[in-house]
Amino acid sequence: MRRLPLDHPGTADHRTPGRFLWWMARAQGATLAGGMLFGIIWMSAQAVMPAVIGRAIDRGVADRDGEALLGFAGLLLVIGLVQAAAGIIRHRFAVTNWLIAAYRTVQLVGRHTVHLGGALPRKVSTGEVVAIGTSDISHLGQVMDVSARFAGAVVSFLLVAVILLQTSVTLGLIVLLGVPTLMLLVGPLLSPLQRRSTRQRELMGHLSNTATDIVGGLRVLRGVGGEQVFHDRYRRESQTTRRAGVEVAKLQSVLDALQVFLPGTFVVVIVWLGARYAVAGTITAGELVAFYGYSAFLMIPLRTATEFANKLIRARVSARRVCRVLALTPDVTEPAHPASPPPPGSELHDRRSGLRVRPGALTAIVSEQPDDSAALADRLGLCAAEVDDDVTLGGVPLAAMSRTDVRRRILVSDTGATLFSGPLGDRLDLTGTARGDGSLDRALRTASAQDILDALPEGLDTLVTERGRSFSGGQRQRLVLARVLTVDPEILVLVEPTSAVDAHTEARIAGQLREQRTGRTTVVTSTSPLMLDAVDEVAFLQDGVVVATGTHGELLRTHAGYRAVVTRETELAGAADA
């Protein structure tokens, strides 16, 4: 499937579900048209069969004309073959339309999430995005699937009405007026069904969020004994979602019943009237059989029409969710006229905090409030919720540069980084060449992660489970560090890269990180003396402003506030007094 540009109408025109569905239909207009064409041929072939059978009875059986009967039998065979061939091709188009709609939605939402970047988790919940990929794409695909049969239903209904009008004006008018009346009887159910379906989708999204939170924090919950609390919470929410699903099912069951009852009643009326006309001699025996065939056939277009209305409602609910995600805008917008990037080796400077990062140096940011240092790290990589011109690279504001240039030169790895499912080697080798040139092995040594590979029977070919949950917190942290080191960016910003490892491992990582990043600019946020002792310069942050800079040893001797944060003298003194 061809890739969609980010300024494609599917991204820009996200204001209403109806417009989104219309754009989806236009985007796959060729396959939809093909499906509709063969859907029309398929149903039209079924529609004319009763007429041929009626003629065969009147002109072949009743008139005892064997040659005419044989001719009509041959015509029925041809129509049957056309119907079979058209049905096969229609089905292939229907499956194609389903897949295109579903995967185009995945592609569109996936590319938009990449476009949003770090703003995504701040603006939409995980469950909302997960629900799009689990249930919404199915509903969007189904409405494209049924469109081919719906087009055939409309044309075949009109075809039958014309045939009936030629035979009996009364029966033809009953068909022309009765079918729309039946659709109007179903109409009042559609609006409540849409409201209940919308409510159910929202609850399913909230339930997915709860499940994600529980699975993500399972180890912590077990440690503090909170499993039962969250279990009860999930149970309450799941029951609420179940009750909402039952409310949807009630209306859905009524709609499904009406799809059988109303067409069946309509068929009974047509057959009864046709029988009366046959007894009165108004129509022939063959025409009576044809009328019965039409009545039985009309159940197909009627049920297809109600099915289309039902699936269209579900698709609109799903489209509304997709539109909400597509309506989100990134915190950082691409400048209309991007500034030329500065040459390599330029100084990174944040005017708001006063931080200056010397090119090629390993710099640490220390703060009593980890959120302050993490927020500064986000600003340095253009990942913060609020973007301004305070951060510059070589005097050029990052906000004025192309986002591609910024992402290529500055890489931020925070504590929330996770491992995706798949082969471990592929998940660590982001460049695609790190395994071949040995840089992945070097990154694993720097991150002190060789012992993790040694414990895996399949090594780098081991399949990583969802979010890397098969690894401990310290193992995931080291593997994430190895992953970013394989990229080897010009400027690397690491947020608490060793917070989950033991002291011996941290000491090894600190020394090896300095060696591997020689000549490259590296920024680390940490309060660990083991890490701080290995850096070139430390910037001490208070209330979001750099108040002191120097080496770890210098600041320990000259700055009491820094010494209190790093050595935790206040806590130690309080413990001693107690």
Side-chain angles (χ1 to χ4, degrees), residues 118 121 126 209-231 364-367 369-371 373-375 377-378 383 411-430 440 443-460 462-487 492-513 522-532 534 566 568:
T126 302
N209 285 334
T210 302
T212 301
D213 292 341
I214 292 175
V215 174
L218 192 58
R219 284 193 175 92
V220 177
L221 292 176
R222 286 175 176 171
V224 300
E227 291 175 275
Q228 189 60 41
V229 174
F230 275 82
H231 174 269
I365 301 174
V366 177
S367 175
Q369 300 296 328
D371 289 344
S373 56
D378 285 341
C383 302
L411 176 61
V412 179
S413 177
D414 58 27
T415 54
T418 58
L419 293 172
F420 296 103
S421 304
L424 178 60
D426 294 341
R427 298 300 171 263
L428 297 181
D429 184 7
L430 299 182
L440 177 57
L444 290 169
R445 286 194 301 271
T446 300
S448 193
Q450 287 290 350
D451 62 311
I452 302 175
L453 290 184
D454 294 339
L456 299 175
E458 299 181 25
L460 291 174
T462 301
L463 292 178
V464 179
T465 57
E466 183 184 4
R467 300 176 67 89
R469 292 194 178 97
S470 57
F471 300 109
S472 67
Q475 288 175 330
R476 284 201 304 272
Q477 192 173 57
R478 284 183 283 161
L479 290 173
V480 168
L481 176 59
R483 181 177 64 185
V484 298
L485 290 174
T486 60
V487 180
L492 177 61
V493 182
L494 302 171
V495 179
E496 301 289 347
T498 57
S499 59
V501 301
D502 59 80
H504 295 289
T505 304
E506 184 178 26
R508 288 197 302 269
I509 293 175
Q512 293 165 351
L513 179 63
T522 309
V523 180
V524 179
T525 69
S526 178
T527 58
S528 169
L530 293 172
M531 177 62 71
L532 298 175
V566 174
R568 295 170 177 80

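All values reported here derive from a predicted model rather than from experimental measurement.
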## Note on the structure
Across all chains, not counting sequence neighbours, the side-chain hydrogen bond (donor to acceptor under 3.5 Å, both in side chains) partners of Glu506 are Thr498, Ser528
### Message
Holding to side-chain hydrogen bond (donor to acceptor under 3.5 Å, both in side chains), I want the full list of residues that pass it with Asp502, two or more places apart in sequence or in another chain.
### Response
Thr505
### Query
Below 4.5 Å, heavy atoms only, C-beta onward: do Pro423 and Leu463 meet side chain to side chain?
yes
### Task
With sequence neighbours excluded, tell me which residues meet side-chain hydrogen bond (donor to acceptor under 3.5 Å, both in side chains) with Asp451.
Arg478
### Message
To check you understand the geometry: which heavy-atom pair defines the closest contact between Ala447 and Ile509, and what is its length?
### Response
O-CD1, 3.6 Å
### Query
With no hydrogens and no angle check, is any side-chain donor or acceptor of Gln477 less than 3.5 Å from a backbone partner on Ser499?
yes
#### Entry: Given Gln512, Arg508, His504, the one that forms side chain to side chain donor-acceptor pair (under 3.5 Å) with Ser448
Arg508
#### Entry: Atom of Ala482, atom of Leu444 and distance for their closest heavy-atom approach
CB-CD2, 3.8 Å
### Summary
Shortest non-hydrogen pair, Leu530 vs Ala503, comes out as CD1-O, 3.3 Å
### Worked check of side chain to side chain contact (heavy atoms under 4.5 Å, CB included) between Gln450 and Arg445
CA-CA 6 Å; Gln450 287 290 350; Arg445 286 194 301 271; 3.6 Å; yes
### Message
As an exercise, state the distance from CD of Gln369 to OG1 of Thr527, rounded to the nearest 0.5 Å.
### Response
11.5 Å
### Contact summary for Leu440 and Gly425, nearest pair of heavy atoms
CD2-O, 4.4 Å
### Message
Which residues pass the side chain to side chain contact (heavy atoms under 4.5 Å, CB included) test with Ser373, not counting sequence neighbours?
### Response
Ile365, Ser367, Thr525
### Query
Between Leu513 and Val524, does a side chain to side chain contact (heavy atoms under 4.5 Å, CB included) hold up when you go through it step by step?
CA-CA 11 Å; Leu513 179 63; Val524 179; 4.3 Å; yes
## Note on the structure
Taken to the nearest 0.5 Å, the spacing of Leu485 CG from Leu428 CG works out to 10.5 Å
### Task
Report the distance from atom CG of Leu424 to atom CG of Leu453, rounding to the nearest 0.5 Å.
6.0 Å
### Query
Which residues satisfy the side-chain hydrogen bond (donor to acceptor under 3.5 Å, both in side chains) test with Asp378, sequence neighbours excluded?
none
### Message
So, taking the atom named CG in Leu481 and the one named OG1 in Thr446, what distance separates them when rounded to the nearest 0.5 Å?
### Response
8.0 Å
### Query
What are the two closest non-hydrogen atoms of Gly474 and Val501, and how far apart are they?
O-CG1, 4.0 Å
### Message
If the condition is side chain to side chain contact (heavy atoms under 4.5 Å, CB included), which residues does Thr462 pass it with, not counting sequence neighbours?
### Response
Leu456, Glu458
### Taking every non-hydrogen atom, the tightest pair across Ser526 and Val366
O-CG2, 3.3 Å
### Message
Could you measure the distance from the CG atom of Leu460 to the CG atom of Asp429? Nearest 0.5 Å is fine.
### Response
9.5 Å
